[in-house]
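The structure appears right after this line, and notes come after that.
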Amino acid sequence: MNLVFEAPIADTAKLIAMLEADPYAKTSFSRNGYKVKDGAVVGQDKEKIYAYLRASDEFASFAKEKLAGIAVESKHDVASAIAKKIEDEESNAEVGFGAIFG
């Protein structure tokens, strides 16, 4: 499951602090993995910052609980657009590495 959370750009430090908190815990954002993007970079609201996660149902519940009060889950159309943009970036990076090492 792909999740995208959004927060005002002014709250970037709070969001990053929560994502980086306790990286060695059994359940942590660092272990799960995440990407943070400015709205302008992903073609969305430039006044917001977005956090993208691929998560199991269990981790999704954890993420929603931890990020409550800091960020809100993005609407479906925004989340889909951001997920597609990030997946395209990852795919292009893999193709680039393949050309280098292939």
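Note that the coordinates shown come from a computational prediction; the quantities given were computed from them, not determined experimentally. Basis for what follows: all heavy atoms, side chains included, without hydrogens, waters or symmetry-related copies.
- With hydrophobic clusters built from ILVMFWY side chains whose heavy atoms lie under 4.5 angstrom apart, Y34 does not share a cluster with V42.
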Item checked: Derivation of the side-chain contact (heavy atoms from CB on, under 4.5 Å) call for F5 and L15 -> CA-CA 10 Å; F5 292 90; L15 178 61; 5.7 Å; no
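- Contacts classified as salt bridge (Lys or Arg N to Asp or Glu O under 4.0 Å) and involving residues 33-43 (residues at least two apart or in different chains) are given here: K35-E90, K37-E89.
- Hydrophobic cluster of I9: no remaining members, since no ILVMFWY side chain lies below 4.5 Å from it.
- To the nearest 0.5 Å, atom CD1 of residue I16 and atom CD1 of residue I49 are 5.0 Å apart.
- Distance check: S74 OG to K48 NZ gives 7.5 Å after rounding to the nearest 0.5 Å.
- Note that CG of N32 is 10.5 Å distant from CD of E58, once rounded to the nearest 0.5 Å.
- Linking ILVMFWY residues whenever their side-chain heavy atoms come closer than 4.5 Å, directly or via other members, places Y50 and Y52 in the same cluster.
- Taking the salt bridge (Lys or Arg N to Asp or Glu O under 4.0 Å) definition, one finds that K85 meets it with nothing, sequence neighbours left out.
- Qualifying side-chain contact (heavy atoms from CB on, under 4.5 Å) partners for T27, counting only residues two or more places apart in sequence or in other chains: F59, F62.
- Contact record, I70 with A7: O-CB, 3.5 Å, taken as the closest heavy-atom pair.
- The two atoms that bring S28 and D22 nearest to each other are CB-O, 3.3 Å, heavy atoms only.
- When all heavy atoms of R31 and P23 are compared, the pair lying nearest together is CG-O, 3.8 Å.
- Hydrophobic clustering of Ile, Leu, Val, Met, Phe, Trp and Tyr side chains at less than 4.5 Å, counting indirect connections, keeps V78 apart from M1.
- Note that the CG atom of L53 and the CG atom of L67 stand 7.0 Å from one another [nearest 0.5 Å].
- In this structure, I82 and E6 have side chains that are not in contact, with every pair of non-hydrogen atoms separated by 4.5 Å or more.
- Taking each heavy atom of E87 and N2 in turn, the nearest pair found is OE2-ND2, 3.2 Å.
- Note on residues 66-77: pairs passing salt bridge (Lys or Arg N to Asp or Glu O under 4.0 Å), not counting sequence neighbours, are K64-E73.
- Listed by chain and number, the residues in a side-chain contact (heavy atoms from CB on, under 4.5 Å) with A13 amount to none (sequence neighbours excluded).
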